**Student:** 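Shown below is the structure under consideration.
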Amino acid sequence: MVVTRIAPSPTGDPHVGTAYQALFDYIWAKKNGGKFIVRVEDTDQKRYDAESENKILELFGWLGLSYAEGPDLGGPHGPYRQSQRLELYRKYADQLIESGQAYRAFETPQELEAIRKELLEGGKRAGYDGRARNLEPEDSARRAQAKEPYVVRFKTPRQGTTVVQDELRGPVEFENLGLEDTVLLKADGFPTYHLAVVVDDHLMGVSDVIRGEEWLPSAPIHVLLYQALGWPQPKWYHLPLLLDPEGGKLSKRKGNASINRYREMGVLPQALLNYLGLMGWSFPDGREIFSLEEMAQVFTWERMSLGGSAFSWDKLKWFNGKYIREVLSLDELTQRIQPFLEKAGYTYSSEQYLKQVIEAMRARFETLQEFVDKSGYFFHDDYPTSEKALAKLKEGGAFLPELLELLTGLPDFLPETTEPALKGFAEAKGVKAGAVMQPLRAALTGSLETPGMFEILMLLGREPVLKRLARALPLLAD
RNA sequence: GGCCCCAUCGACUAGUGGUCAGGUCACCGCUCUUUCACAGCGGCGGCAGGGGUUCGAGUCCCCUUGGGGUCACCA
């Protein structure tokens with residue numbers, strides 16, 4: 001059975017790269033009728049952020065990437081938090097020491113720093129020179145017994161090469177001499193990523209390891225660890241990296257890697273996933289809009305391209321707009337928008353009214369927040385008037401008093417009534433419709449970018465329209 | 001710098017030896033039109049360079065260049 005996993009580390013705001021990897025984990029498992037699981041890699045006590053785990057799990061829910069096992073769900077191979085599996089890592093570290101494939105090292109951080117400097121000056125690579133390999137086993141055991149702090153290091157081979165069979169690029173060869181005696185178990189008893197990932201993936205039955213390309217350089221260590229522990233290798237897939245438009249890995253520091261930030265701006269999970277699905281992968285028939293299910297159905301790794309792809313806010317926004325106007329139903333869209341209106345403090349007389357407004361605005365916003373920003377005049381009277389709108393207002397000001405009179409006399413504000421009335425008015429004045437509509441639009445919305453005039457009149461309704469128009473008249477004076 | 005990965009329009013990509021190198025975003029025009037959008041139509045724009053292999057290379061090989069990743073008791 002194909003088992004994939006995402007192993008986020010709870011160190012802050014969830015990263016877009018995490019969603020990206022999770023997407024492919026999810027798709028690959030689904031495509032194969034396998035299982036996608038979540039494991040929390042909380043082995044770094046310094047960077048640990050208590051809220052992060054919940055945020056991450058909650059986000060998978062929001063995205064609709066459901067998992068079969070996880071820290072909140074449990075499962076047959078739990079616990080799914082590495083901090084709760086410490087004995088396991090200790091056990092395998094000990095096993096490796098006993099079999100002579102790992103060893104204790106007692107250097108302090110300061111000493112390591114000195115060694116690193118020394119190596120660098122000697123023209124060699126930085127890192128660790130493996131000097132503790134020479135410790136007598138009895139000596140090593142005695143010092144450990146005496147509670148002297150130590151780390152456990154992997155005894156990497158000094159000869160030959162290690163090949164990582166990457167499913168996306170074929171064999172990737174590494175000189176073993178270039179591999180460091182990586183730390184497996186830290187002095188605090190926590191494992192490093194390298195030990196933990198191998199132990200857990202094996203114990204949890206992970207068959208396909210899908211992760212970012214930044215892991216490729218340390219993949220040979222993992223391959224060697226599987227060998228040292230006598231376990232069968234999983235399949236390796238190193239996904240291309242998501243790049244910052246400015247160059248380099250997409251980073252939180254530059255501010256565009258936070259999923260929550262996109263969520264707060266009103267990006268839809270479906271649109272985000274769809275966009276991410278097109279980063280490095282393409283639908284066989286070239287279509288751009290597709291669901292998770294559709295993607296899972298036709299997914300193959302052959303369609304993966306390996307160059308890193310730059311994350312484009314413009315394109316994400318286009319996808320979001322596409323989902324807003326063509327994919328979501330009006331009901332769904334309304335539900336998505338409601339929390340944003342609530343946050344903005346906007347109220348509306350009925351859901352029916354809200355839906356009509358959304359429908360009228362639909363082609364005019366690409367994020368949910370943008371809807372709020374652009375449609376304030378549908379929800380309250382103290383909307384701002386843009387400079388351009390004010391200019392238009394004055395330009396056509398002469399018509400306004402008559403328009404007020406005309407509208408006051410109309411039996412209703414339905415398009416069938418207002419359209420001939422306003423067009424007839426323009427004609428009578430010998431001007432184009434726009435000369436009448438624009439000032440009116442400015443008066444009623446404070447904006448020059450709105451839905452059609454007749455829709456506005458109908459939605460706003462008689463009283464507000466007349467009120468707003470009357471209110472605009474004094475503005476014409478100055 | 002060592003090691004590793006990658007390389008088609010500004011961006012995301014299709015291409016798997018023979019295509020006018022196609023699509024999408026962005027940008028620019030036009031159409032529609034009461035504004036702004038949407039939509040439709042059109043345009044701009046690319047195989048990094050050099051060697052090979054081949055009757056024929058964006059497609060295969062090598063070198064150069066460029067970009068990225070990684071070199072922690074972080075993941």
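This structure is a prediction, so every number in the text was calculated from the model and none was measured. Residue numbers begin at 1 in each chain, while the letters A, B, ... track the order of the sequences.
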**Student:** Within the 4.0 Å limit for protein heavy atoms, which parts of nucleotides 27-35 of chain B are touched? Write it as a string from 5' to 3', B for base, S for sugar-phosphate only, - for none.
**Tutor:** -------BB

**Student:** Hey, are Glu366(A) and Lys322(A) close enough for a salt bridge, meaning a charged N less than 4.0 Å from a carboxylate O?
**Tutor:** no

**Student:** Flag the pair Asp166(A) and Arg169(A) as a salt bridge only when some basic side-chain nitrogen lies within less than 4.0 angstrom of an acidic carboxylate oxygen.
**Tutor:** yes

**Student:** Check salt bridge (charged side-chain N to carboxylate O under 4.0 Å, His left out) between Glu332(A) and all other residues, then give those that pass, not counting sequence neighbours.
**Tutor:** none

**Student:** May I have all residue pairs that pass ring pair (Phe, Tyr, Trp, His ring centres under 6.0 Å) and include part of residues 429-452 of chain A, sequence neighbours excluded?
**Tutor:** none

**Student:** Mind checking salt bridge (charged side-chain N to carboxylate O under 4.0 Å, His left out) for Lys374(A) and listing every partner two or more places apart, or none if nothing turns up?
**Tutor:** Glu370(A)

**Student:** Excluding sequence neighbours, so at least two apart, what forms salt bridge (charged side-chain N to carboxylate O under 4.0 Å, His left out) with Arg104(A)?
**Tutor:**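 With neighbours one apart ignored, the set is empty.
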
**Student:** Answer yes when Arg39(A) and Asp200(A) have at least one side-chain N-carboxylate O distance shorter than 4.0 Å, and no when they do not.
**Tutor:** yes

**Student:** Establish, for the pair Arg211(A) and Tyr237(A), whether the NZ or CZ atom is under 6.0 angstrom from the six-membered ring centre and no further than 45 degrees off its axis.
**Tutor:**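 No; the conditions do not both hold, so Arg211(A) does not lie above the ring face of Tyr237(A).
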
**Student:** Holding to ring pair (Phe, Tyr, Trp, His ring centres under 6.0 Å), I want the full list of residues that pass it with Trp313(A), two or more places apart in sequence or in another chain.
**Tutor:** Tyr262(A)

**Student:** Scan nucleotides 3-13 of chain B nucleotide by nucleotide, 5' to 3', and note B when protein non-hydrogen atoms come under 4.0 Å of the base, S if they reach only the sugar-phosphate, - if neither.
**Tutor:** -SBS----SBS

**Student:** C1' atom, rA14(B) versus rU19(B): distance in rounded Å?
**Tutor:** 12 Å

**Student:** If you measure from the C1' atom in rC25(B) to the same atom in rC38(B), how many Å do you get, rounded?
**Tutor:** 16 Å

**Student:** Can you pull out every side chain to side chain donor-acceptor pair (under 3.5 Å) where at least one residue sits in residues 441-457 of chain A? Sequence neighbours excluded, please.
**Tutor:**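 Residue pairs with at least one partner in residues 441-457 of chain A: Gln438(A)-Arg441(A), Arg441(A)-Thr450(A).
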
**Student:** So, is Arg153(A) close to the rC73(B) phosphate, meaning a side-chain N or O under 4.0 Å from OP1 or OP2?
**Tutor:** yes

**Student:** What integer number of Å spans the P atoms of rC9(B) and rC5(B)?
**Tutor:**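 These two P atoms come out 22 Å apart once rounded.
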
**Student:** Who does rU33(B) pair with, Watson-Crick or G-U, both distances under 3.5 Å?
**Tutor:** none

**Student:** For rU64(B) versus rU54(B), give the span between their C1' atoms, rounded off to a whole number of Å.
**Tutor:**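 After rounding to an integer number of Å, I get 23 Å for this pair.
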
**Student:** What is the nucleic acid contact for Leu112(A), judged by heavy atoms within less than 4.0 Å: base, sugar-phosphate only, or nothing?
**Tutor:**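 The residue Leu112(A) makes base contact.
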
**Student:** Do the side chains of Asp25(A) and Arg5(A) get close enough for a salt bridge, i.e. N-O under 4.0 angstrom?
**Tutor:** no

**Student:** Go through the structure and list residues passing ring pair (Phe, Tyr, Trp, His ring centres under 6.0 Å) with His15(A), not counting sequence neighbours.
**Tutor:** none

**Student:** When rounded to the nearest Å, what value does the distance between P atoms of rG45(B) and rC63(B) take?
**Tutor:**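 Per the computed distance, 34 Å lies between those P atoms.
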
**Student:** Distance check, C1' atoms only: rU31(B) and rG22(B), in whole angstrom units.
**Tutor:**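 Between the two C1' atoms, the distance is 25 Å.
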
**Student:** Between Lys249(A) and rU70(B), is there a side-chain N or O to OP1/OP2 distance below 4.0 Å?
**Tutor:**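 Yes, Lys249(A) has a side-chain N/O under 4.0 Å of OP1/OP2 on rU70(B).
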
**Student:** Checking Tyr383(A) now: which residues fulfil ring pair (Phe, Tyr, Trp, His ring centres under 6.0 Å) with it, not counting sequence neighbours?
**Tutor:** none

**Student:** In this structure, which one of Trp318(A), Tyr323(A), Phe311(A) forms a ring-ring contact (aromatic ring centres under 6.0 Å, His included) with Tyr275(A)?
**Tutor:**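 Exactly one pass, corresponding to Phe311(A).
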
**Student:** Using the P atoms only, state how far rC12(B) lies from rC47(B), rounded to an integer number of Å.
**Tutor:** 16 Å

**Student:** Please tabulate, one pair per line, each protein N/O and nucleotide N/O from nucleotides 39-41 of chain B that are separated by under 3.5 Å, including the distance.
**Tutor:**
residue: rA39(B); atom: OP1; partner: Lys322(A); partner atom: NZ; Å: 3.4
residue: rA39(B); atom: OP1; partner: Arg325(A); partner atom: NH1; Å: 3.3

**Student:** Taking only nitrogen or oxygen atoms into account, show me every contact under 3.5 Å that the protein makes with nucleotides 47-50 of chain B, one pair per line with its distance.
**Tutor:**
none

**Student:** Taking OP1 and OP2 of rC73(B), is either one under 4.0 Å from a side-chain nitrogen or oxygen of Arg116(A)?
**Tutor:**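 Yes, because at least one side-chain N or O of Arg116(A) sits under 4.0 Å from OP1 or OP2 of rC73(B).
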
